[in-house]
Amino acid sequence: MAAAKLRLACIQLAVGAVKKDNISRAVQKISEAAAAGAHLVTLPECFNSPYGTKYFSQYAESIPGETTAALKEAAKASGVWLVGGSIPEQDGDKLYNTCTVWNPQGDMVAKHRKIHLFDISVPGGITFKESETLSPGSSFTTFDMPNCKVGVGICYDMRFAELALVYNQMGCKLLVYPGAFNMTTGPVHWELLQRGRALDNQLYVATASPARDTSADYHAWGHSTVVNPWGEVISTTEADEDIIYADLDLDYVEKVRQMVPLPVQKRNDLYQVVKK
Ligand SMILES: NC(=O)CC(=O)C(=O)O
């Protein structure tokens with residue numbers, strides 16, 4: 001990997017009702033992305049289970065468990081950094097929406113539990129209440145690749161600008177959000193939020209969604225996307241299963257920050273986002 005370059009792959013996975021099939025399909029796609037030269041690969045939110053509160057307890061597993069064992073092996077076999085989307089995690093009597101991150105040696109280097117649960121009610125659109133079954137995480141999650149600190153959030157976490165600002169303050173040049181927006185919010189909010197987070201923080205933002213399955217209860221918006229620090233979409237797709245690639249130039253982060261010097265123009269005497 002050249003010092004300031006990073007080839008990123010976002011897997012828009014077709015997720016069905018059979019957990020074993022979801023896992024083996026994800027493993028196959030990780031190897032396909034690695035063969036195409038990806039250094040960092042990301043899977044979508046809830047990639048081993050249909051997305052819905054009634055499914056989480058049935059598909060949940062502890063970490064380590066069946067799914068994370070497969071992710072560990074896949075990262076090692078393919079020699080890639082892997083943001084393992086998310087899975088329903090069982091820990092004692094609690095369930096979480098959890099992302100694990102793996103290095104090319106197969107070590108788990110980070111674990112993120114979705115901090116902001118997806119509880120919304122849009123009349124005539126969508127009502128969803130993750131908090132019916134899930135508990136929220138309470139930690140920031142970053143990991144260090146040789147040339148890039150990466151911040152991790154899951155889906156609804158992307159709506160909270162403060163989280164991205166904290167990751168920026170921690171030195172991240174890339175934010176990765178496995179996500180699964182829907183047909184009500186996706187068309188207007190999905191890309192706008194990614195471009196907003198990228199522009200606010202002058203860094204790269206990447207998302208990976210499940211492919212849309214119109215026979216499922218939850219219809220994912222799809223449109224896995226990568227946005228650059230200038231706020232431009234540099235890679236995207238529609239709703240079907242796909243892998244998108246983006247070649248990130250990490251020096252470009254600094255260039256944008258020099259051209260439009262927000263970091264030195266912030267009025268920390270008037271306002272501040274504080275990490276607790
Ligand atoms: N699925 C989510 O967590 C978030 C989402 O779909 C939305 O914010 O809209």
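Whatever order the structure lists ligands and atoms in, that order sets their numbers, starting from 1.
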For ligand 1, the residues whose heavy atoms come within less than 4.0 Å (ordered by chain, then number): Glu45, Tyr51, Lys114, Phe118, Cys155, Tyr156, Arg159, Ala180, Phe181, Asn182, Thr185, Tyr218

Do the side chains of Asn48 and Glu66 get nearer than 4.5 Å, heavy atoms only? no

Ignoring hydrogens and geometry, is there a side-chain-to-backbone donor-acceptor pair from Arg257 to Pro263 under 3.5 Å? no

Answer yes or no: is there a donor N or O on one side and an acceptor on the other, between the side chain of Tyr51 and the main chain of His219, under 3.5 Å? no

Paired with His116, the ring-ring contact (aromatic ring centres under 6.0 Å, His included) test is passed by just one of Tyr156, Phe160, Tyr177, namely Phe160

Using a strict 4.0 Å threshold on nitrogen-to-oxygen distance, state whether Glu73 and Lys76 make a salt bridge. no

Can you find a pair of side-chain heavy atoms, one from Tyr55 and one from Pro88, that are under 4.5 Å apart? no

